[in-house]
Amino acid sequence: MAERFYLTTAIDYPNSRPHIGTAFEKIGADVQARYRRMEGYDVFFLMGNDENTVKVARKAAELGRPPKDYCDDMARQFQEVWKALDISYDDFIQTSEPRHHAGCRRFIQKVYDNGHIYKGHYEGWYCEGCEEFKTETQIKEAGGVCPAHQTPPLRRREPCYFFALSKFQDQLLEFYQQHPEFMQPESRANEVLALVQSGLQDVNITRSGQDWGIRVPFDEAYTIYVWFDALLNYVTAIGYGSDEERFRTWWPADIHFIGKDITRFHCALWPAMLFAAGLEPPRTVFAHGFVYLKGDSGELQKMSKTLGNIVEPMDIITKFSGEAFRYYFLRECPFPGDGEFSWHRFAEVYNADLANNLGNLYSRVITLITKNYHGHLHETAGQQPGVIFTEVDTERTVEQVEEHIEKCQYNQALERIWRQVLDPANRYADQKAPWNLVKTDPEAAKHVLYDLAEQLRAVAILLKPFLPRTAETIYRSFNFPQPWEEVRFEDVWVHPRPVEDLRVVAPLEGGKVKPLFPRIT
RNA sequence: CCCGGGGUGGAGCAGUGGUAGCUCGCCAGGCUCAUAACCUGGAGGUCGCAGGUUCAAAUCCUGCCCCCGGAACCA
C-alpha cells in the first residue's frame, strides 16, 4: 500500500458565507493534496463545517428554520464555492452529523474515564442579550459593557465540566521539543511555546441549557462546548468511535491547515486532548496568514461584516475564473504569512503572469506549429529534447519547486516556475525566431518548436497542483505520451520518449487556439 | 509595559558576511509567431536611524524610531 497522507483544513462557522480569506486556506491545502496525490501518496483530504454553536442555533431561529436545515443549506453553499475553486476534498464533515456526535461522545467519555475531566464552576461576565459569557478582554475593550449590546454584563457562576489542560504542560513541552516540525511556520511556535511555558488553565468544555449540540454522555444535562467538539472532527471523520480500523489507517494527521489565530487551540489544547484520550497528536499544524483588503487609497483593512467590505470568492470566480483566483492568492500571498487583495493588483498579476507570460507562450507555440507544420512535427518520435534543457537545469528546478511545495511556500514555487521555465521559453522563442527560421531551414525550426512544446509539457506538469484545469488544457493540447492522470513531477526531466510524432491536438478556430487567459483591459 | 513579525529603488518582494537582485510600473530600442503580447537595454535604492565588531555588513552586536499583529474561544 502506498504511503498515506491525511490532511485537513479548519472547519468553518456557517454563520455567513465563505469569504476570500477562508478560501485562501482551502486553496493552500488543496495544492498540498494534489501534489501528494501526484507523487503517489494515498491521500485523504478533509474539510467541513463547525455547526454546534449557539450562534448557529440562534441564526436558524431568527430565520424560523430548524438548525439542522439551516446547517445543511449552508454546507451546500460552502461546497458550491469549494467546487467552483476545484478544491479536491475527499470528505466534508458537518459536526451536526451522527458520526461526529457518536465519536465525540465516545471521546469525551474516554477522557472522563481516564480522569482528566472534573466538575467545577465557571464564573465570568455573562451578557443576557448574547446569552453567553464574554471574556475579560472583550468586556474591557468595550469599556465595561458587552461589545454587541452595549449593556453591562452580569457576574454569573454556573456549574460545568473542566478539562484538566494544566496537567499536560510538561508533556506538551516535551512533545514540542521532540517534534520541532510540529508547529509551522516556526514563528508561530514561539508564540505557543511562550503560552504553554507561562502555564495553562483548565478549560471549561461544557454548556448547560442548550438544546442544539452534543450531549455529554456522563451528564446529559450538558452539551459539549465549542473547541472540544470542533477539534474532534479530525478524528470522527476518519472513523473514531465507529470504524477503528479505518481510524488507525489514517491517524495521526500529517497536516492540519489552520488560520494563525487559532494556533493555540491546535498546538496546545488539541494535542493535550489527544494525550488525555491515549491517542497520538498530529504530525504538523500549519498556521497560514490572513488576507487583508487593500483599498483604493492603499489602506489595509480586515474583512468584516460590520465594515461591509467582504469579498466573496464567487465575486472573483464569476468575473474571471477559479483558476485565476487560485493563481492570485497562491502567487501573491505567501501562505505562511499575510497577503493582500485588491482588484487593481488582481488585474495586474492576471495580465502579467497568466495572460502575457503563460497564456501567450501557449498561443504562440501552438500557432507556429499549426501554421507552419499543419500541427504535425514529422519525425520527432523518439527524439531527445534539445537546447533549452541544456541551458536550464530542469532537474534542479523541479527539486526546488518540490521543496517549496512541501514547505507550503507556494508563492516561491510559482515564481520558480515562471522565472526558470516560462521566461527561458519565451526568450528561446525570440532568439531562435522559428517564424523566420522556417523559411530557410524548416528542419531546424521544427526542432525549436519541439523544444518549446516540451517546455510547455514541463509547465503543465509543474502547474498541475496549482492550476489543475489550465495545466490539463495545456497538456492535452499535444499528444504527449503519458496519460495526464499518471504524470508526476519527476517526468519533467525524465523525458519519456514519445512513440509518435509530436502533434497539436488542441481544438482550433481559424487556426487559432482559444486564449487560456484573455487579457483584462 | 510585555511578546511576535516587519521596515531594501514609485509599488510588491528575494536576499543572514564579500562588487544590491526579481516582478510590476516607467523610458528607449528590437521583433512581428503570439492575447498591442514577446525580446534587449536604461533610469531609479547611502538596504528605518545612530553607534560597534570585521580586511569586508542589508546580512553579526548594542541602543533608538516607526508600522502591523497578539495576550484564552476571532479563517
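Below, chain A is the first sequence line, B the second, and so on; all start at residue 1. Basis for what follows: all heavy atoms, side chains included, without hydrogens, waters or symmetry-related copies.
- B/rG70 atom P lies 9 Å from atom CG of A/Asp261, rounded to whole Å.
- Residue A/Asn411 is the one, among A/Pro518 and A/Asn411, whose nearest nucleotide of RNA chain B lies closer to the 5' end (criterion: closest heavy atom).
- Between A/Asp202 and A/Lys167, no side-chain nitrogen of the basic residue sits less than 4.0 Å from a carboxylate oxygen of the acidic one, so the salt-bridge criterion is not met.
- The CH2-P distance, from A/Trp343 to B/rG12, rounds to 21 Å in whole Å.
- The side chain to side chain donor-acceptor pair (under 3.5 Å) pairs that include a residue from residues 506-521 of chain A are A/Asn356-A/Arg519, where partners are two or more places apart or lie in different chains.
- The existence of a salt bridge linking A/Asp12 and A/Arg17 is excluded, since no basic side-chain nitrogen approaches an acidic carboxylate oxygen closer than 4.0 Å.
- The interatomic distance linking A/Tyr362 (OH) with B/rC33 (P) rounds to 20 Å, in whole Å.
- The existence of a salt bridge linking A/Glu332 and A/Arg345 is confirmed by a sub-4.0 Å separation between a basic side-chain nitrogen and an acidic carboxylate oxygen.
- Between B/rG70 and B/rA75, the distance separating the two C1' atoms is 16 Å to the nearest Å.
- Atom CZ in A/Arg419 sits about 16 Å away from atom P in B/rG15, given to the nearest Å.
- Judged by distance alone with a 3.5 Å cut-off, a donor-acceptor contact links the side chain of A/Asn360 to the base of B/rA34.
- For the P atom pair drawn from B/rG63 and B/rC22, the interatomic distance equals 36 Å after rounding to whole Å.
- Contacts of A/Leu269 with the nucleic acid, taken as non-hydrogen atoms under 4.0 Å apart, are absent.
- With C1' as the reference atom, B/rG17 and B/rG52 are 16 Å apart, rounded to whole Å.
- Where stacking is scored as ring centres under 5.5 Å apart with planes under 30°, A/Phe24 does not register as stacked on the base of B/rA75.
- Regarding A/Glu348, its CD atom lies at a distance of 13 Å from the C1' atom of B/rC26, rounded to whole Å.
- Nucleotides B/rG6 and B/rC49, compared at atom C1', are 16 Å apart to the nearest Å.
- When the nucleotides B/rC38, B/rA75, B/rA72 are ranked by their closest atom to the side chain of A/His19, B/rA75 comes out on top.
- In this structure, A/Lys512 reaches the B/rU35 phosphate: one of its side-chain N or O atoms is under 4.0 Å from OP1 or OP2.
- In the set B/rU40, B/rC13, B/rA34, B/rC13 carries the atom at the smallest distance from any side-chain atom of A/Glu340.
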For RNA chain B, please output the secondary structure as dot-bracket, reading 5' to 3'. Pairs are Watson-Crick or G-U wobble, both atom distances under 3.5 Å; mark crossing pairs with [ ], other-strand partners with |, unpaired with a dot. .(((((((.[[[[.)..(..]]]].(((((.......))))).....[[[[[..)....]]]]])))))).....
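- With B/rU35, B/rC24, B/rC33 as the candidates, the nucleotide lying closest to the side chain of A/Ala352 is B/rC24.
- A/Val291 comes within 4.0 angstrom of a base, heavy atoms only.
- Atoms CG (A/Asn357) and C1' (B/rG25) sit 16 Å apart, rounded to a whole Å.
- Here, B/rG9 and B/rC24 have their C1' atoms 13 Å apart, quoted to the whole Å.
- For A/Phe45, the ring pair (Phe, Tyr, Trp, His ring centres under 6.0 Å) criterion is met by no residue, not counting sequence neighbours.
- Among the nucleotides B/rA34, B/rA75, B/rC33, the one closest to the side chain of A/Leu368 is B/rC33.
- Among B/rG69, B/rC33, B/rU35, the nucleotide with an atom closest to any side-chain atom of A/Thr367 is B/rC33.
- Side chains of A/Asn357 and A/Asn426: a donor on one and an acceptor on the other come within 3.5 Å.
- Comparing A/Glu332 and A/Glu415 by the nucleotide of RNA chain B that holds the closest heavy atom to each, the one mapping nearer the 5' end is A/Glu332.
- When the side-chain nitrogen and oxygen atoms of A/Arg519 are compared with OP1 and OP2 of B/rA37, one or more of them lie within a distance under 4.0 Å.
- The distance from atom CD of A/Gln431 to atom P of B/rG41 is 11 Å, rounded to the nearest whole Å.
- Spacing of P atoms, B/rU8 relative to B/rC67, comes out at 15 Å, to the nearest Å.
- Among B/rU35, B/rC39, B/rA75, the nucleotide with an atom closest to any side-chain atom of A/Phe290 is B/rA75.
- Checking A/Thr95 against A/Glu51 by side-chain atom types alone, no donor-acceptor pair falls below 3.5 Å.
- A distance of about 15 Å separates the C1' atoms of B/rA20 and B/rA56, rounded to the whole Å.
- In summary, A/Arg364 and A/Asp430 engage in a salt bridge, as defined by a charged side-chain N under 4.0 Å from a carboxylate O.
- The backbone N or O of A/Lys446 sits less than 3.5 Å from a side-chain atom of A/Tyr373, completing a donor-acceptor pair.
- Regarding A/Tyr225, its OH atom lies at a distance of 13 Å from the P atom of B/rA72, rounded to whole Å.
- Rounded to a whole angstrom, the distance from the C1' atom of B/rG25 to that of B/rA43 is 13 Å.
- Within the 4.0 Å cut-off from OP1 or OP2 of B/rA34, at least one side-chain nitrogen or oxygen of A/Lys371 is found.
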